[in-house]
Amino acid sequence: MATTTIPTQIIDFNIYNGQNKLMGTGDEVTLPKIVSKAYTVALAGGDIDLPGLTTENMEMEVPFNVFDKEVASIMSISKVNTLIVRSCEQKADTKTHNLSYDGIKVTVRGFTKEVDLGTLKRSDKMDSKITMTLTYIKVEDSSTVFLEIDKFNGTFIVNGKDVREGINKYL
């Protein structure tokens, strides 16, 4: 029987700006949905929606315990912002049952679309959050790039393979 590890949970995460400065954290980060634009094709047996190699708008909601000058620094609507979410993933070995750990890193670039300042309450966090519309996303662990989408440069990589390779060679 081959040794296999299965992911079990995300242990913790932190959020950094593009200069690797810790911005803080919240309880959870809502990562974007990746939705391919579909095109309807009329066939003899009926219509079918075929996925294209472009994606719909990607948005990401980023929580912060407290709204401060670091969070405010990524509110620009004319300058792209980079955020890096570093997390620790726990895995279980199906043969030995031992636990191991790996990092998952999500890098995004985009523009701030919405700011929720949260609430002020004595002895409590503010639960502030920003919503970004993304132009770039990259998801990787210590050895593999799982996903990379760069809307400005036409990059669409899944598990290290450029899924637009057949298109880009004609452009």
Side-chain angles (χ1 to χ4, degrees), residues 5-38 51-52 54-93 98-160 163:
T5 59
I6 56 173
T8 59
Q9 65 177 314
I10 297 296
I11 300 294
D12 203 356
F13 70 91
N14 285 324
I15 302 169
Y16 301 85
N17 67 14
Q19 290 76 41
N20 252 355
K21 180 172 173 140
L22 181 64
M23 301 280 296
T25 187
D27 294 329
E28 63 183 293
V29 173
T30 303
L31 298 173
K33 287 184 184 180
I34 311 297
V35 179
S36 292
K37 286 190 175 182
T54 59
T55 60
E56 292 183 2
N57 187 47
M58 298 181 293
E59 289 187 358
M60 182 170 160
E61 189 177 279
V62 185
F64 295 97
N65 289 333
V66 175
F67 185 87
D68 63 4
K69 68 179 182 178
E70 298 301 329
V71 178
S73 72
I74 58 173
M75 287 181 52
S76 173
I77 59 171
S78 62
K79 174 177 92 60
V80 73
N81 297 295
T82 300
L83 290 181
I84 301 164
V85 181
R86 294 183 186 273
S87 65
C88 179
E89 170 191 29
Q90 178 178 283
K91 297 178 180 183
D93 185 305
N98 289 328
L99 300 177
S100 62
Y101 303 93
D102 198 357
I104 294 181
K105 178 180 168 186
V106 179
T107 304
V108 297
R109 291 186 198 116
F111 299 92
T112 299
K113 177 181 175 180
E114 183 178 320
V115 177
D116 181 344
L117 296 175
T119 59
L120 293 174
K121 184 177 177 184
R122 285 186 177 88
S123 300
D124 208 349
K125 55 189 176 181
M126 289 176 69
D127 286 327
S128 303
K129 62 185 171 189
I130 63 165
T131 302
M132 295 175 68
T133 184
L134 304 181
T135 60
Y136 176 88
I137 184 168
K138 183 178 184 180
V139 182
E140 59 192 313
D141 68 7
S142 60
S143 64
T144 306
V145 174
F146 305 127
L147 174 70
E148 184 174 15
I149 297 173
D150 184 335
K151 291 194 171 236
F152 283 122
N153 294 300
T155 302
F156 198 142
I157 295 172
V158 178
N159 284 332
V163 296

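The CG atom of Asn20 sits 5.0 Å away from the CD1 atom of Ile84 when rounded to the nearest 0.5 Å. The line from CD1 of Ile130 to CZ of Phe64 is 5.0 Å long, rounded to the nearest 0.5 Å. To the nearest 0.5 angstrom, Tyr101 atom OH is 11.5 Å from Glu89 atom CD. Remark: Lys138 NZ to Leu147 CG distance equals 11.0 Å, nearest 0.5 Å. To the nearest 0.5 Å, atom CG of residue Asp150 and atom CD1 of residue Ile157 are 9.5 Å apart. Ile34 CD1 to Leu134 CG: the interatomic distance, rounded to the nearest 0.5 Å, is 8.0 Å.
When all heavy atoms of Thr5 and Asp93 are compared, the closest pair comes out as CG2-CA, 4.1 Å. A pairwise comparison of heavy atoms in Met126 and Phe67 identifies SD-N, 3.5 Å as the closest pair. Closest of all the heavy-atom pairs between Ser128 and Val66 is OG-C, 4.1 Å. Considering all non-hydrogen atoms of both residues, Asp102 and Lys91 come closest at OD2-NZ, 3.8 Å.
Heavy atoms of other residues, nucleotides or ligands lying less than 6.0 angstrom from CD1 of Ile11 number more than 12. Annotation: Phe152, atom CZ; neighbour count of heavy atoms from other residues, nucleotides and ligands within 6.0 Å does not exceed 12.
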Report task. For the pair Met60 and Val85, evaluate side chain to side chain contact (heavy atoms under 4.5 Å, CB included) and give the outcome as yes or no after the intermediate values. Result -> CA-CA 12 Å; Met60 182 170 160; Val85 181; 3.9 Å; yes
Requested in this report: Show your working on side chain to side chain contact (heavy atoms under 4.5 Å, CB included) between Tyr136 and Glu148 and close with a plain yes or no.
Outcome: CA-CA 7 Å; Tyr136 176 88; Glu148 184 174 15; 2.7 Å; yes
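The closest donor-acceptor contact from the side chain of Thr8 to the backbone of Gln90 lies under 3.5 Å. No side-chain donor-acceptor contact under 3.5 Å links Asn153 to the backbone of Thr155.
The closest side-chain heavy-atom distance from Asp127 to Pro63 is not below 4.5 Å. Contact of the Lys105 side chain with the Tyr16 side chain is not registered, since no non-hydrogen atoms from C-beta on lie closer than 4.5 Å. Taking the side chain as every heavy atom from C-beta outward, Pro32 and Ile137 approach each other to under 4.5 Å.
Judged as a salt bridge (Lys or Arg N to Asp or Glu O under 4.0 Å), the pairs with a partner in residues 66-83 (not counting sequence neighbours) are, in order, Lys21-Glu70.
In this view, Lys129 and Glu61 satisfy the salt bridge (Lys or Arg N to Asp or Glu O under 4.0 Å) rule, not counting sequence neighbours.
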Under 3.5 Å, which donor-acceptor pairs do the side chains of residues 108-115 form with other protein atoms, sequence neighbours left out?
| unit_1 | atom_1 | unit_2 | atom_2 | d |
| --- | --- | --- | --- | --- |
| Thr112 | OG1 | Ile74 | O | 2.3 |
| Lys113 | NZ | Glu59 | OE2 | 2.3 |

